[in-house]
Amino acid sequence: MSAPGAVILDPLGPRLSAEERAFFRAVDPFGFILFARNIEDAAQLRALCAELRDCVGRDAPITIDQEGGRVQRLHPPLAHEWPPALDQIERAGQDAGVAMYLRARIIAHDLRALGIDSNCAPLADVIGPHTHPFLRNRCYGDAPGQVALLARAVADGLMAGGVLPVLKHIPGHGRAVVDSHETLPMVDAEAETLQQVDFAPFRALSDLPMAMTAHVVYRALDDLPATLSPVVMALIRDDIGFDGLIMSDDISMKALSGAPADLGRAALAAGCDVVLHCNGALDEKRAVAAAAGRLSGAALSRAEAVIAARHTPDDVDISALTAQLETLGNGRRHG
């Protein structure tokens with residue numbers, strides 16, 4: 001059997017067309033990512049996940065953005081509704097680590113019940129004085145040690161629930177003063193400051209199975225955004241010490257300029273293992289998948305390690321965990 005494609009792709013809608021099925025079967029992406037447009041109800045979503053895996057003939061990872069707050073694709077009655085992470089943390093005070101673990105464990109339960117086994121969380125981005133509002137309340141704090149501790153709690157909660165965490169945005173997005181969905185952030189901090197603050201939580205979490213890059217230029221390091229920078233990608237591997245699977249952030253975001261296929265090729269050449277491409281037409285997906293090719297070498301080994309890291313959820317009483325979380329600053333919105 002050939003190696004999977006070095007891409008993570010999204011379906012166009014809540015069901016696959018015959019053309020999409022044939023495309024996914026041929027390309028065999030490493031995994032899939034889902035958005036709100038892919039979601040109607042529980043039965044439909046479980047069927048879509050099953051169909052995606054059937055296309056590739058294996059139990060491919062299916063991920064989603066279910067951070068809480070503004071960034072959550074699933075809402076009641078399909079899943080719990082959550083406040084922004086920073087609000088939850090502030091309400092819980094000294095119990096923030098327990099609260100974030102419980103929150104992540106409940107999120108994992110919601111996801112697994114629908115066929116989803118990966119979540120684009122935790123965030124290890126450190127809040128700075130001018131962190132853009134698109135990111136700020138999604139973060140876990142302004143102290144690297146606290147951020148690392150809480151991000152670890154989230155990762156542990158997800159993994160205990162059988163859901164693979166995707167650490168983001170490596171090596172740190174917190175100093176960005178613009179939204180990378182719309183424009184390319186430029187960071188002027190000195191290299192020593194970046195090492196001591198922004199990169200520190202990622203170093204503490206370097207054992208996690210997957211991470212997502214930051215579309216951010218660190219001028220002290222390189223003129224290219226991290227996703228496309230061999231210099232920054234080498235730093236992530238050699239200095240931060242992250243040896244898990246690295247996926248690009250979505251190469252269709254406006255922070256990056258150029259044809260998606262060219263960007264995908266550049267991201268892999270820089271050191272990413274897998275290209276994430278979202279929200280494109282089928283022809284654009286075809287071009288990106290062709291440019292990315294198949295996983296091989298160290299990237300294939302990392303992909304295999306990701307699959308090996310999945311396990312059956314531990315046996316817990318979710319209603320009891322929910323009640324426990326409610327006592328920690330009334331952290332969950334009712335819905």
Side-chain angles (χ1 to χ4, degrees), residues 6 120-129 131 135 139-156 164-177 180 184-249 251 255-256 263 266-276 295-306 309:
C120 294
L123 275 72
D125 303 313
V126 179
I127 295 173
T131 301
L135 185 68
C139 298
Y140 304 162
D142 58 6
Q146 177 196 24
V147 170
L149 182 71
L150 296 178
R152 174 68 68 183
V154 172
D156 287 350
L164 292 161
V166 180
L167 177 66
K168 60 188 189 186
H169 303 81
I170 200 166
H173 208 306
R175 291 185 190 273
V177 299
S180 55
L184 178 60
M186 303 283 184
V187 168
D188 291 322
E190 295 181 358
E192 184 177 351
T193 300
L194 292 170
Q195 288 282 3
Q196 293 176 355
V197 179
D198 303 71
F199 302 167
F202 294 95
R203 192 173 291 112
L205 298 159
S206 62
D207 60 308
L208 292 183
M210 284 193 288
M212 176 186 289
T213 61
H215 292 335
V216 173
V217 171
Y218 309 94
R219 284 191 167 120
L221 305 176
D222 197 3
D223 293 331
L224 292 171
T227 304
L228 307 179
S229 168
V231 173
V232 178
M233 295 304 299
L235 179 145
I236 290 170
R237 294 296 191 196
D238 300 335
D239 181 71
I240 291 175
F242 190 85
D243 193 41
L245 187 82
I246 296 182
M247 71 174 74
S248 72
D249 202 346
I251 59 169
L256 304 183
L263 292 171
L268 295 175
C272 292
D273 297 308
V274 175
V275 174
L276 176 65
L295 286 160
S296 63
L300 179 58
S301 297
R302 294 181 187 115
E304 291 170 343
V306 166

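Given the structure is predicted, the values throughout are model-derived calculations rather than measurements.
- The nearest pair of heavy atoms linking Ala309 to Pro209 is CB-CB, 4.3 Å.
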**Study point:** Criterion side chain to side chain contact (heavy atoms under 4.5 Å, CB included) on Asp198 and Tyr218, from CA distance to verdict
**Key:** CA-CA 11 Å; Asp198 303 71; Tyr218 309 94; 6.0 Å; no
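- Put simply, CZ on Arg203 and CD on Gln195 are 5.0 Å apart, with the number rounded to the nearest 0.5 Å.
- A pairwise comparison of heavy atoms in Val232 and Ala226 identifies CG1-CB, 3.6 Å as the closest pair.
- Between atom SG of residue Cys272 and atom CG of residue Leu228 there is a gap of 7.5 Å, rounded to the nearest 0.5 Å.
- Looking at Pro201 and Val126, their side chains come closer than 4.5 Å, going by heavy atoms from C-beta outward.
- Judged by distance alone, with hydrogens and angles left aside, the side-chain atoms of Asp125 form a donor-acceptor pair with the main-chain N or O of His169 at under 3.5 Å.
- Checked by atom type and distance alone, the side chain of Tyr140 pairs as donor or acceptor with a backbone atom of Leu123 at under 3.5 Å.
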Exercise for review: Walk me through it: do Leu235 and Ile240 pass the test side chain to side chain contact (heavy atoms under 4.5 Å, CB included)?
Suggested key: CA-CA 6 Å; Leu235 179 145; Ile240 291 175; 3.7 Å; yes
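- You'll find the side chain of Leu256 reaches within 4.5 Å of the side chain of Pro225, heavy atoms only.
- In plain terms, the two heavy atoms of Leu221 and Ala191 that are nearest each other are CD2-CB, 4.3 Å.
- Between Phe242 and Arg237, the shortest heavy-atom distance links the atoms O-NH1, 2.9 Å.
- Here the closest non-hydrogen pair linking Gly174 and Thr131 is O-OG1, 2.6 Å.
- Without hydrogens or angle criteria, Thr227 side chain to Ala267 main chain gives no donor-acceptor distance under 3.5 Å.
- Of all heavy-atom pairs between Ser180 and Ala255, the closest is O-CB, 3.1 Å.
- In this structure, the separation between CG on Leu205 and CG on Leu149 is 9.5 Å, given to the nearest 0.5 Å.
- How far CE of Met210 is from CZ of Arg302: 14.0 Å, rounded to the nearest 0.5 Å.
- Contact annotation: the side chain of Pro185 never approaches that of Val217 to less than 4.5 Å [non-hydrogen atoms, C-beta and beyond].
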Exercise for review: Determine, stepwise, if the pair Asp249 / His173 fulfils side chain to side chain contact (heavy atoms under 4.5 Å, CB included).
Suggested key: CA-CA 12 Å; Asp249 202 346; His173 208 306; 5.6 Å; no
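- With values rounded to the nearest 0.5 angstrom, Ile246 atom CD1 is found 4.0 Å from Met233 atom CE.
- Here Leu194 contributes atom CG and Arg219 contributes atom CZ; the two are 12.5 Å apart, rounded to the nearest 0.5 Å.
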